[in-house]
There are 2 protein chains.
Amino acid sequence: MARPRSFDPDDVLEIARQVFWQKGFQATSLDEITAASGVAKPSLYAAFGDKNALFLKVLDRYHDGILGWAERTLAQPVPAREAIRQWLTGFIPYCSGEKGQRGCLSINSATDGSLDQAELRRSIERYNRRLEELLRTRLRADRAEFRKGFDPDVTAHTIMVVHAGLLALAHQRPDSKRVKAVIDQVMSLLA
Amino acid sequence: MARPRSFDPDDVLEIARQVFWQKGFQATSLDEITAASGVAKPSLYAAFGDKNALFLKVLDRYHDGILGWAERTLAQPVPAREAIRQWLTGFIPYCSGEKGQRGCLSINSATDGSLDQAELRRSIERYNRRLEELLRTRLRADRAEFRKGFDPDVTAHTIMVVHAGLLALAHQRPDSKRVKAVIDQVMSLLA
DNA sequence: TTCGTTGTGTACTAGTAAGTACAGAATAAG
DNA sequence: CTTATTCTGTACTTACTAGTACACAACGAA
């Protein structure tokens, strides 16, 4: 009973994600989210809590989306090299800005000194840990593809570093050819 | 003639750098810089202009400092491999947080969506271009050290990406052993 | 000492943004 | 239809912050 909600919370999180991604947490006002989503502030507060809680939900949802895609990409029945190359290549649109958004919401948030809330840091840390674990697991499983002495753990971390670097530098609007060249060169570590 | 300034502008820029670095541009209020430096707002405005102009001066000064250090490090009369390893290794304290500050002010600023001012982006872009140019020049000069087919231009860019990735992930408080391991692995591209 | 000039500190203005009170609308149950 | 309940929209409060007006202090010059 009682009056039903007039909006889909997931739609609002999607819109909020776009706004937060583009402008950053601090610079985004709830009035802007209200304007973009058509949902008034009291409804936002009732549905998601305060601005921090809303952002945390947005970020968790973002993380889940990328992790799901990473799982699918890295589970493909192709050589680990190829799966990982596809995973890295999948970020190119976010480096060159084809998808409208640039860089990575998670990395943008991690480098934002104002977001030093414990919960946010934990969410980002968990995300990074899981992503690296997917890479590590795949590299260990297909160890046979690689040379003697290949270290899947260090390599997984190196790939995470390259991935973070590409998305951090995405804000410079790099040419996608250069991004591809870097990926190619880094793939030579998987041998 | 007239009353002399009661503070050294460079000291204030140094203090402002620390505050901006720690909290980010948006989250830092001029009142905080006043509190940290002991210089009142009207004096800050008279000396540096508004908040944006102050931040731009802080950022330029930061860039100059790192570029100077990079020039010195990369000009050393050692093999290019060794010079570049030392350059990368020099960032480890900013990855593990030994110096109090984490990550890189420039990268933090680049990933901050609220800083979409043309001048700031230009400053960051110029910085990245010069840094990469230092690497590229050194790699080209010592090309003889490396294998046939070695590409100094792509490699310089890859090193920039790794550098950015390490400093972006610095906010996760990584173990410095893992940072070293990544640097070691990436150095294997210089062969 | 006196004056012109420039820096300093206090106290203010104006604008913005987070969060909320409250009146009214929309629903299901009885 | 009536009522209890939950959501919605307007309008408000509160707090903070960028930027400034103004009176005063500190100096060099004459």
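Atom set for the values below is all heavy atoms of this structure, side chains included, hydrogens, waters and symmetry mates excluded. Labels below follow one simple rule: chain letters A, B, ... track the order of the sequence lines, proteins then strands, and each chain is numbered from 1.
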Participant: So if I take residues 21-35 of chain B and measure heavy-atom distances to DNA chain C, which residues fall below 4.0 Å?
Facilitator: none
Participant: Please determine if A:D142 and A:R81 form a salt bridge, counting it only when a charged side-chain N lies under 4.0 Å from a carboxylate O.
Facilitator: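 No, no charged N to carboxylate O under 4.0 Å.
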Participant: Given the rule in the salt bridge (charged side-chain N to carboxylate O under 4.0 Å, His left out) test, do B:R17 and B:E14 qualify, once you have shown the distances and angles that lead to the verdict?
Facilitator: CA-CA 5 Å; B:R17 186 186 67 170; B:E14 170 64 25; 2.9 Å; yes
Participant: Test: side chain to side chain donor-acceptor pair (under 3.5 Å). Region: residues 48-57 of chain B. Which pairs qualify, not counting sequence neighbours?
Facilitator: B:N52-B:Q117
Participant: Using the salt bridge (charged side-chain N to carboxylate O under 4.0 Å, His left out) criterion, which residues pair with B:R173? Sequence neighbours excluded.
Facilitator: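 Scan of B:R173 (salt bridge (charged side-chain N to carboxylate O under 4.0 Å, His left out), adjacent residues dropped) gives none.
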Participant: Could you tell me whether A:D184 and A:K180 make a salt bridge, using a distance below 4.0 angstrom between a side-chain N and a carboxylate O?
Facilitator: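 Salt bridge flag = no for A:K180 with A:D184.
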Participant: So, B:D112 and B:S114: side-chain donor and acceptor under 3.5 Å apart, yes or no?
Facilitator: yes
Participant: Check DNA chain C against residues 42-60 of chain A and give the residues with a non-hydrogen atom under 4.0 Å, in numerical order.
Facilitator: A:P42, A:Y45, A:D50, A:K51
Participant: List the steps and the verdict of salt bridge (charged side-chain N to carboxylate O under 4.0 Å, His left out) for A:E133 and A:R129.
Facilitator: CA-CA 6 Å; A:E133 201 172 311; A:R129 197 171 52 235; 5.4 Å; no
Participant: By nearest heavy atom, map B:F7 and B:K41 onto DNA chain C; which one lands nearer the 5' end?
Facilitator: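 Its nearest nucleotide lies further toward 5', so the answer is B:F7.
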Participant: Judged by atom type as modelled, is there a donor-acceptor pair below 3.5 Å linking the side chain of B:W69 to the main-chain atoms of B:G90?
Facilitator: no
Participant: So, B:T89 side chain and B:R85 main chain: donor-acceptor pair closer than 3.5 Å or not?
Facilitator: yes
Participant: Under 3.5 Å, is there a donor-acceptor pair between the B:Q22 and B:Q18 side chains?
Facilitator: no
Participant: Any carboxylate oxygen within less than 4.0 angstrom of a Lys/Arg side-chain nitrogen, looking at B:R138 and B:E71?
Facilitator: no
Participant: Heavy atoms of chain A, cut-off under 4.0 Å: which first and last nucleotide of DNA chain C, 5' to 3', fall inside that, if you could look?
Facilitator: C:dA17 to C:dA28
Participant: Summarise how protein sits on nucleotides 23-30 of chain D as a single string, 5' to 3': B when a protein heavy atom is under 4.0 Å from the base, S for sugar-phosphate-only contact, - for no contact.
Facilitator: --BBBS--
Participant: Are B:Q86 and B:T73 close enough that a side-chain donor and a side-chain acceptor fall under 3.5 Å?
Facilitator: no
